[in-house]
2 protein chains.
Amino acid sequence: MPRTKSSTPGAPTIVDVAREAGVSKGLVSLVINDRPGVADATRARVRDAADRLGWRPNLQARRLSTRTTYALGLVLRRDPRIVAADPFYPAFMAGIESVLSPEGRVLVLSVVATAEAEERAYRSFAADRRVDGVFLNDLRHGDDRVGLLAGLGLPGVLVGRLEEPGSLPAVVLDDRPGVTAAVRHLVDLGHRRVAYVGGDPALQHARHRRQAFEEAVAGHGLTPTAVVDTDFTMAGGAAATAALLGGDRPTAIVYANDPMAVAGLGVLQGSGVRVPDAMSVVGFDGTEIGRHTHPALTTIRSDPEQWGAAAARTLLELATSGHAPDVELPPAELVPRRSTGPAPDR
Amino acid sequence: MPRTKSSTPGAPTIVDVAREAGVSKGLVSLVINDRPGVADATRARVRDAADRLGWRPNLQARRLSTRTTYALGLVLRRDPRIVAADPFYPAFMAGIESVLSPEGRVLVLSVVATAEAEERAYRSFAADRRVDGVFLNDLRHGDDRVGLLAGLGLPGVLVGRLEEPGSLPAVVLDDRPGVTAAVRHLVDLGHRRVAYVGGDPALQHARHRRQAFEEAVAGHGLTPTAVVDTDFTMAGGAAATAALLGGDRPTAIVYANDPMAVAGLGVLQGSGVRVPDAMSVVGFDGTEIGRHTHPALTTIRSDPEQWGAAAARTLLELATSGHAPDVELPPAELVPRRSTGPAPDR
DNA sequence: CTGAAAGCGCTTACAG
DNA sequence: CTGAAAGCGCTTACAG
C-alpha cells in the first residue's frame, strides 16, 4: 500500500513544515538552503516551524534532487594486517574529518588488498555515485588511476606530486628539505658512511625521499654507503638493517619511515650495536612512537593531519566548482632526538 | 528547466533499460532485485538490456525508496594526534570492510575529539539517516550511548561487554584467558612481584583487563605489587613505568596495550633496567610492532580484524531483520616472546 | 516575494 | 506473469 502523503506519523517532512508555517514546500526549501528572495518574517516563520517539528531535511531526497552525495571517498590499498602499523593514515583521515565534519559531510572509506580490488573500488564509487570525489593517495610511478578517474568522470585530488604535470589539482608536501637537513645533521656529526633504507619504490613519495637523500649526500661530496629499497613495513626495515650490518657497515642509517626505523633500532640493539654510539638512526614521519623508543628517534616530521585537511578542502572545492588550485604545504623538517650522535672512530 | 524525462544523454536510468528491453520499469526493478515472479526469458532480456546500456541502479534513488542507506557508521572519539598510535582500530576497520565491501556497502567514519562531538555524531547519523546502524565501541562504565541510540531509533551493536544486560546485541571477545595465561607464565618464571599498567578506567575493556589481572594474581596467592591506571597512550605508559621504578620495584610489568608496553620498554632501557634480565614485560594486542622491538614483546593477542568482521555481520543482520544474536569470539591468548624471562634474585 | 507543478530515479502494492 | 501509477522527500525553474 502506498503510504499516505505525509500523514503525521514518522519523521516530519518538508510538507509538514510547510503546512505548519502556512507556506508552500518550495518556500521551505529556499529558506533552509539560505537562498535569497524570501522575506525576513517568512524566513523566521519557516525556521520556527522547522524547529518546532524538529525537522531535518532528508539527506537521501536531497541527494537525489541535487545529484550530490555529500561524501568523499578514500581508498586504502594495503594488506589489512599491515595497515595497523602505518601511522600516516589515521592522522591523515583525522585531518580530512576535521574539515568534512563541520560541513555535515562524511568520509567513505574502502580498504582493499589488491590492485584489482582498488580499481573496482573507484569504479564502484563512480557507478553508484557514492561520493562526490576521491583522494588519489599513495601515488605510484605511471599511476593509471588518473586516467581511470577521467574515464569515470569522478573528481579527484592528488595527495602528493606526480611527475607528469596532470589535469588534477595536487596537494603537495615537500619531503626534500627534511631529508636534506637530516643528511646535513649527520655530516655535521662527522658521519661519512651513511646508508638509506627506502620504502616501496613503486610509490612516488618513496622515490622522492630516496632521490632527496641521494642528492643531499652527493651535495656533501659523499656517496651513500648503501641504498636498500623495501616496502615500508617493519619486517622490511628489520631485514634491510640486518643486511646493512652484514656488509660494508655504515655509521648512520636514514629510514624512509618511522616503523622501519623502529624495527631497525630493534635489530641493531639485538645485534649489540649501540645507538647512537656505534650507529646513528634517523626515521621519517615524526610519529608518537619515536618519542618513546630508547633512544628517542631522530626523525623527519611532516604533518599528515594538515595534509588531510588541505586535501579535503581542495577536493570539496573541486567537486563543487569544477576546479581547485594546487596547494603546497609547509615542508618536512628535521626533529633531532637521541638516536643520532657523533660518528664513531673518526 | 525541468530535465526532459530520461532523454539519452547522461547515465542511463531504469526507464532507458525498460524501453530497451521492451518492458515496464517496475519489471526491471523486480529483475535486478532478484524478486520471484518473472519469466526466465524476460529476466534474461532485462539483464541483457541493462548490460548493453551499462546501467547501474542509482543508489540515491534506491535509498530514497527503500529507506536504507547501505552504510554503517563508526564514531571514534579520541585526540586526533593519538589515533595514529593506536593499532586496534585500523585492523578493526579492515575487518568491517571485509564484510561490507562484497555487499556493496560502505563504512562511514567520524573521528571526534570530545564527548559532546561524539553525541552530535550519533545524532547526526540518525537525523540525516546517514547510516543503517552504528558500532558502539570503546564502551564506558554507565555508557549513555545505549539510551541515546534507543531514543534516536538507530540500530547499534555493542563491541564488547556492558555490565548491564542490554537490549543491544553484543560482539564479545574475552580478554581474561589471555591475561590469566600471562600471569601464569610470569609466575612459572618465578615472578612474585608483578605490577600492572592499565588503560583508561572509564573504558569497560580497561576495567575487564585490570580485573582479570587482579584475579589471576590472587589466584596464585599473590598481591599485585602495584596497579596504575593510565590512558592507553605511550606517554601514559612511559610515565607509569617511571613511577614503578621509583617505588617498590616489581620484577615484571603487564601492560594493558602494546603501545604502553613499547613505551615502557623505552623507559626501562633508558633507565638501565635490562629486559628481561631485570624486568619482564608483557603487552596486550599482538600488534606488528611487538615483533620488532628488542627484545620482542611477549603479548596477549586478540584479533581485531575478526572482531570487526563479526561486528559488521551482526550489525547488518540487526539493521535488516531487527534482531541479531550475541557473538562470542575466540578469546585472547598469550604470545610468549623475548621480553619475559626468569625472575631476578630469587 | 510566493505557489503550484514537474522532476530526480528508484520501489512497491494493485489490478489485470 | 506483467503494466500503470503512486510514492519516497526533496529542489528548481516558471508563472504570478
Side-chain angles (χ1 to χ4, degrees), chain A residues 1-46 49-50 53 55-70 104 127-130, chain B residues 1-46 49-50 53 55-70 104 127-130:
Chain A
M1 165 190 54
R3 290 134 279 187
T4 33
K5 195 159 195 170
S6 169
S7 46
T8 357
T13 73
I14 195 170
V15 170
D16 299 312
V17 175
R19 187 169 37 222
E20 174 85 7
V23 299
S24 73
K25 62 191 185 123
L27 221 212
V28 175
S29 176
L30 293 184
V31 171
I32 58 145
N33 288 304
D34 280 323
R35 293 291 159 70
V38 182
D40 282 358
T42 315
R43 203 177 281 278
R45 197 145 46 92
V46 169
L53 265 41
W55 175 72
R56 295 267 302 245
N58 180 300
L59 184 64
Q60 319 304 344
R62 204 172 203 173
R63 282 169 158 164
L64 183 56
S65 285
T66 60
R67 297 160 165 283
T68 300
T69 67
Y70 302 99
D128 291 344
R129 275 142 288 191
R130 212 177 255 287
Chain B
M1 167 188 55
R3 287 135 280 188
T4 33
K5 197 160 191 168
S6 170
S7 47
T8 359
T13 73
I14 196 172
V15 171
D16 299 313
V17 175
R19 188 169 37 217
E20 175 84 8
V23 300
S24 73
K25 62 190 184 125
L27 220 210
V28 176
S29 176
L30 293 184
V31 171
I32 58 148
N33 288 305
D34 281 322
R35 293 290 159 70
V38 182
D40 282 358
T42 314
R43 203 176 281 280
R45 197 145 46 91
V46 169
L53 266 38
W55 174 73
R56 296 268 299 249
N58 180 300
L59 184 65
Q60 318 306 343
R62 202 172 205 174
R63 282 169 158 165
L64 183 56
S65 284
T66 60
R67 294 160 167 283
T68 300
T69 67
Y70 302 101
D128 292 344
R129 277 141 286 189
R130 212 179 256 288

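Heavy-atom basis, side chains included; hydrogens, waters and symmetry copies ignored. Within every chain, numbering begins at 1; the chains are lettered A, B, ... in the order of the sequence lines, protein sequences first and strands thereafter.
- Going from atom CG of B:D128 over to atom P of D:dG9 covers 15 Å, rounded to whole Å.
- A sub-4.0 Å separation between OP1 or OP2 of D:dT11 and a side-chain N or O of A:N33 is present.
- Atom-to-atom distance recorded for B:R129:CZ and A:Q60:CD is 8.0 Å, nearest 0.5 angstrom.
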Worksheet item: Using Watson-Crick and G-U wobble pairs with both distances under 3.5 Å, what is the 5'-to-3' dot-bracket string of DNA chain D, with [ ] for crossing pairs and | for pairs outside the strand?
Response: |||.||||||||.|||
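- Using a 4.0 Å heavy-atom cutoff across all strands shown, B:T66 reaches sugar-phosphate atoms only and no base atom.
- Spacing between atom CD1 of B:I32 and atom C1' of C:dT11 amounts to 9 Å, rounded to whole angstrom units.
- Nucleic acid contact class of B:R35 (heavy atoms, under 4.0 Å, all strands): sugar-phosphate only.
- Shown here are the side-chain hydrogen bond (donor to acceptor under 3.5 Å, both in side chains) partners of A:R62, two or more places apart in sequence or in another chain: A:N33.
- Between B:R67 and the phosphate of D:dG9, there is a side-chain N or O to OP1/OP2 separation shorter than 4.0 Å.
- For C:dT11, one of the phosphate oxygens OP1 or OP2 lies less than 4.0 angstrom from a side-chain nitrogen or oxygen of B:R62.
- Within the 4.5 Å cutoff, side-chain heavy atoms of B:L59 are placed close to those of B:Y70.
- The side chain of A:S29 contributes an N or O atom lying less than 4.0 Å from OP1 or OP2 of D:dT11.
- For A:R56, the salt bridge (charged side-chain N to carboxylate O under 4.0 Å, His left out) partners are B:D128, not counting sequence neighbours.
- Atom CZ in B:R63 sits roughly 16 Å away from atom P in D:dC10 (whole-Å rounding).
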Donor-acceptor pairs under 3.5 Å, side chain of residues 38-45 of chain B to any protein atom, not counting sequence neighbours: which ones?
residue	atom	partner	partner atom	Å
B:R43	NH2	B:R35	O	2.8
B:R45	NH1	B:A21	O	2.6

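- When distances run from any side-chain atom of B:L64 to the nucleotides D:dC8, D:dC10, C:dC10, the shortest one goes to D:dC8.
- Residues that satisfy the side-chain hydrogen bond (donor to acceptor under 3.5 Å, both in side chains) test with A:D34, not counting sequence neighbours, are A:R47.
- Residue-level contact check: B:R56 touches the backbone only, with heavy atoms under 4.0 Å from sugar-phosphate atoms and none from bases.
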Practice prompt. Show the numbers, then the answer: is there a side-chain contact (heavy atoms from CB on, under 4.5 Å) between B:V28 and B:V31?
Written response: CA-CA 5 Å; B:V28 176; B:V31 171; 5.7 Å; no
Using atom names, set out every protein N or O paired with an N or O of nucleotides 2-5 of chain D below 3.5 Å, distance rounded to 0.1 Å.
residue	atom	partner	partner atom	Å
D:dT2	OP1	B:T42	OG1	2.7
D:dT2	OP2	B:A39	N	3.1
D:dG3	OP2	B:S24	N	3.4

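- The minimum heavy-atom distance linking A:P57 with A:I32 is given by the pair CG-CD1, 3.8 Å.
- Separating the CD atom of A:Q60 from the P atom of C:dC8 is a distance of 19 Å, rounded to the nearest angstrom.
- Residues A:V46 and A:L30 fail the side-chain proximity criterion, which asks for heavy atoms closer than 4.5 Å.
- Summarising the geometry, the separation between CD1 on A:I14 and P on D:dG7 is reported as 18 Å, rounded to the nearest angstrom.
- For A:D40 and C:dC1, the CG to C1' distance is 12 Å, given to the nearest whole Å.
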